J.: 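First the structure, which I've put down as structure tokens, then a few questions once you've had a look.
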Amino acid sequence: MITIDQTSHLLNIAVLGEFTLADFELFEENARQKLKEPAPVNLLFDLRAMIDYSVDVAWEEIKFFGREHPHDFAKIAVVTDDQWLVWQAWLSRLFVDADIRAFADYKEAKFWIGA
């Protein structure tokens, strides 16, 4: 399950439990709408409560960011304690033009992203 909060320049996404393909499609829909606006868009992914995600979500993430929107986001903050997800965020820098950073502390991520 995911929750999505929006401000003028930010999509704040929190994943709770398993991150499913339906959840990612909901994120994609919201992101595409936000990208139609003239202001730069930042993303804040709070993954502290994420338990798991499916392979199809990983594939959709690669397609969405790497192929469809590699230059469309200004900043992406990932909040997690999971070292695998920190490494994955670091690896995403190869495919996405955004400034991507991983944080263990949610407040630090919000400050950095400008929320």
Side-chain angles (χ1 to χ4, degrees):
M1 181 177 110
I2 65 170
T3 62
I4 300 174
D5 292 319
Q6 296 186 35
T7 64
S8 61
H9 68 284
L10 176 68
L11 282 175
N12 188 341
I13 301 99
V15 178
L16 310 166
E18 184 176 5
F19 195 14
T20 66
L21 184 57
D23 294 331
F24 194 84
E25 289 169 349
L26 180 61
F27 157 71
E28 282 181 313
E29 180 182 319
N30 280 268
R32 284 190 179 105
Q33 288 300 318
K34 185 57 85 181
L35 287 170
K36 290 179 183 178
E37 298 174 10
V41 177
N42 296 326
L43 301 175
L44 174 56
F45 282 102
D46 184 354
L47 305 179
R48 295 173 296 169
M50 184 176 78
I51 296 171
D52 196 15
Y53 61 94
S54 57
V55 173
D56 52 353
V57 169
W59 176 246
E60 286 299 314
E61 179 184 354
I62 291 168
K63 284 183 358 186
F64 181 79
F65 288 105
R67 291 186 181 170
E68 297 173 20
H69 302 284
H71 309 290
D72 295 338
F73 297 96
K75 291 181 174 181
I76 301 173
V78 179
V79 183
T80 183
D81 292 325
D82 186 320
Q83 284 304 109
W84 171 251
L85 293 174
V86 170
W87 182 82
Q88 188 175 355
W90 179 83
L91 186 62
S92 295
R93 294 177 186 175
L94 298 173
F95 307 105
V96 180
D97 208 15
D99 188 358
I100 303 172
R101 297 192 189 175
F103 296 87
D105 185 75
Y106 183 76
K107 289 180 182 178
E108 286 180 27
K110 278 187 77 172
F111 179 78
W112 177 77
I113 204 107

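Both backbone and side-chain heavy atoms feed into the values below; hydrogens, waters and symmetry mates do not. Remember, it's a predicted structure, so these values are computed and weren't measured experimentally. Along the sequence shown, residues are numbered consecutively beginning with 1.
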J.: I'd like to know if Leu35 and Val96 are part of one continuous hydrophobic network [Ile/Leu/Val/Met/Phe/Trp/Tyr, side-chain heavy atoms within less than 4.5 Å].
T.: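 Yes, same cluster.
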
J.: So does Pro70 get a backbone contact from the side chain of Asp97, meaning a donor-acceptor N/O pair under 3.5 Å?
T.: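 Here the side-chain-to-backbone pair does not exist.
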
J.: Looking only at heavy atoms, which two atoms of Phe73 and Ala98 are closest? And how far apart?
T.: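 Closest approach of Phe73 to Ala98, heavy atoms only: O-CB, 3.2 Å.
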
J.: Are side-chain heavy atoms of Arg32 and Phe64 found at a separation under 4.5 Å?
T.: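 With C-beta onward as the side chain, the pair touches.
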
J.: Is it true that a side-chain atom of Asp52 and a backbone atom of Ser54 form a donor plus acceptor pair closer than 3.5 Å?
T.: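 Pair absent, no side-chain N/O of Asp52 close to backbone of Ser54.
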
J.: Is Lys34 salt-bridged to Glu37, cutoff N-O under 4.0 Å?
T.: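 Salt bridge between Lys34 and Glu37, a charged N being under 4.0 Å from a carboxylate O: yes.
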
J.: Apply side-chain contact (heavy atoms from CB on, under 4.5 Å) to the pair Leu47 and Tyr53, showing each step before the final yes or no.
T.: CA-CA 11 Å; Leu47 305 179; Tyr53 61 94; over 6 Å; no

J.: Show the nearest heavy-atom pair for residues Ile13 and Leu43, with the distance to one decimal.
T.: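 Smallest heavy-atom distance, with atoms named: CD1-CD2, 4.3 Å.
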
J.: What verdict does the side-chain contact (heavy atoms from CB on, under 4.5 Å) test give for Leu26 and Ile2, after you've listed the backbone C-alpha separation in whole Å, the side-chain angles of each residue and the deciding distance to 0.1 Å?
T.: CA-CA 8 Å; Leu26 180 61; Ile2 65 170; 4.1 Å; yes

J.: For Phe27 and Ile4, which heavy atoms make the closest approach, and how far apart are they?
T.: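 Looking at all heavy atoms of both residues, the shortest contact is CA-CD1, 3.9 Å.
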
J.: Please tabulate, one pair per line, all N/O donor-acceptor pairs under 3.5 Å involving side-chain atoms of residues 102-115, not counting sequence neighbours.
T.:
{"unit_1": "Asp105", "atom_1": "OD2", "unit_2": "Lys107", "atom_2": "N", "d": "3.2"}
{"unit_1": "Asp105", "atom_1": "OD2", "unit_2": "Glu108", "atom_2": "N", "d": "2.9"}
{"unit_1": "Tyr106", "atom_1": "OH", "unit_2": "Asn12", "atom_2": "ND2", "d": "2.9"}

J.: Return the CG to CE distance between Leu16 and Met1, rounded to the nearest 0.5 Å.
T.: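 Here the rounded value is 4.5 Å.
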
J.: Does the plane of the ring in Phe24 sit parallel, tilted or perpendicular to the ring in Phe19? Use 30° and 60° as the thresholds.
T.: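 Correct class here is tilted.
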
J.: Distance check, rounded to the nearest 0.5 Å: Thr7 atom OG1 versus Asp5 atom CG?
T.: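 Interatomic distance, Thr7 OG1 to Asp5 CG, rounded to 0.5 Å: 9.0 Å.
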
J.: Rounded to the nearest 0.5 Å, how far apart are CG of Leu11 and CD of Gln33?
T.: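 It is 10.5 Å, given to the nearest 0.5 Å.
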
J.: To the closest 0.5 Å, what do you measure between CG (Leu10) and NZ (Lys75)?
T.: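 Reported value, rounded in 0.5 Å steps: 10.5 Å.
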
J.: If I compare all heavy atoms of Asp72 with all of Glu68, which pair ends up nearest, and what's the gap?
T.: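 Distance-wise, the nearest heavy atoms are OD2-O, 3.9 Å.
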
